[in-house]
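These notes are about the structure you will find just below.
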Amino acid sequence: MIRGTWSLTEPLVPVNIPATMIRVGTEHGISSDTLLKNTGIQPEQFDDPSARLTYQQLLLLADNLMRAYPSGTLGLDLGKAININQLGMLGYAILSCADLRSALRLGLKYHTLVDPAFTFEVVDQGETTAIRLTSHIPFEKMYRIMCDVFIGMFATLARFLTGNDNIDALEVHLNHPEPDYADAYVELTRCPVLFDQPRTELLLDSRLLDTPLAMADKATAAMAENQCADILARMGPKEGIVAKVRRILLSNPGVFPPVDVVAGHLATSTRTLSRSLQDVGTSYQRILDEVRKEMAIEYLRNSNLPIEEIAALVGYSDPSNFRKAFRRWTGQAPSYYREDRQAN
């Protein structure tokens, strides 16, 4: 396996977040036996802070929870239920940071201590800053849950860390259709929530990032970050192979190298790369389609380029093939996104 990948069968996931899943499920009337069925997880593992689960176990637990949960708001409920202390030493370090900006920087640097597959980026756009989910899970229902966890967790933690209940995003974007519980997003975030967007992200007034944290302590922050660095060094690099492939594809938008060229960038063979992607439940083509979809929606929503030019920009010489692919990706024709933008 390529160094720096994560797999479904490698024990990498701390028990903190799965324990939160169990707690949220039982609070909604679901028994622990139902939640743990066929996962191979033993209840006593949650009492061991050093215990690690595999992603396969996490997916099985999440599937059991989704099947039994009485509401579509599962992801938002999980995001709100994640406390800073459940992030382990990273949570302790974040709690002591000077402001939201440094807390985000620390989260970006050491997120793999909590979950190597949960990735995000912070994009400075001048007056606004985007906190953007970059994780990729090739299971649609599971991915939507992750999007909601991302929104719920960031919205809740920002208010908790600052002690300021008025810390709100300017807008929330989600890259899936509007669900029947759309009002729950607005109730939580207290800002406009837009669906069918190119990506899932929170847009903030950049000035909010300078908001001081309620428990800021320079000496404690330095000590905790040093411990995070030590733990990360012992773990070794854990950036997901999916994130690496996406980064290569996005490094030169519109020019998508074939899989053998990507494998060369990663100093491995095409066969090894394909096997590594298969190990995490995806493929080069799936990742490429996701990148193309994001780019296409971005062009449709934010430019007046004709469909033929957008098709070419995302790698399709034949616009009819692009239209077919776009409908396969989103369930909608390209015109749906452009008409929706014009209507707004």
Can you give the donor-acceptor pairs under 3.5 Å from side chains of residues 326-333 to other protein atoms, not counting sequence neighbours?
| residue | atom | partner | partner atom | Å |
| --- | --- | --- | --- | --- |
| Thr330 | OG1 | Phe326 | O | 2.9 |
| Thr330 | OG1 | Gln332 | N | 3.1 |
| Thr330 | OG1 | Gln332 | O | 3.1 |

Here the pair of heavy atoms bringing Leu249 nearest to Pro257 is CD2-CD, 4.0 Å

Residues which pass side chain to side chain contact (heavy atoms under 4.5 Å, CB included) with Ser102, listed by chain and number, not counting sequence neighbours: Cys97, Ala98, Asp99

Output yes when Asp124 and Arg101 qualify as a salt bridge under the 4.0 Å nitrogen-oxygen rule, no when they do not. no

One pair to check against side chain to side chain contact (heavy atoms under 4.5 Å, CB included): Ile307 and Arg323. What are the steps and the verdict? CA-CA 9 Å; Ile307 298 296; Arg323 288 187 175 92; 3.7 Å; yes

Any ring-ring contact (aromatic ring centres under 6.0 Å, His included) pairs touching residues 260-287, not counting sequence neighbours? none

Applying ring-ring contact (aromatic ring centres under 6.0 Å, His included), name anything that partners Tyr181, two or more places apart in sequence or on another chain. Tyr185

With sequence neighbours excluded, residues passing side chain to side chain contact (heavy atoms under 4.5 Å, CB included) with Asp205: Leu170, Arg207, Leu208

Only pairs at least two apart or in different chains count here, so list each ring-ring contact (aromatic ring centres under 6.0 Å, His included) that has a residue in residues 65-107. His28-Tyr69

Do NZ/NE/NH1/NH2 and the carboxylate oxygens of Asp63 and Arg67 come within less than 4.0 Å? yes

If the plane angle is over 60° it's perpendicular, under 30° parallel, otherwise tilted; pick one for Phe154 and Phe120. perpendicular

Can we say Glu290 and Arg286 salt-bridge, meaning some charged N sits less than 4.0 Å from an Asp/Glu carboxylate O? no

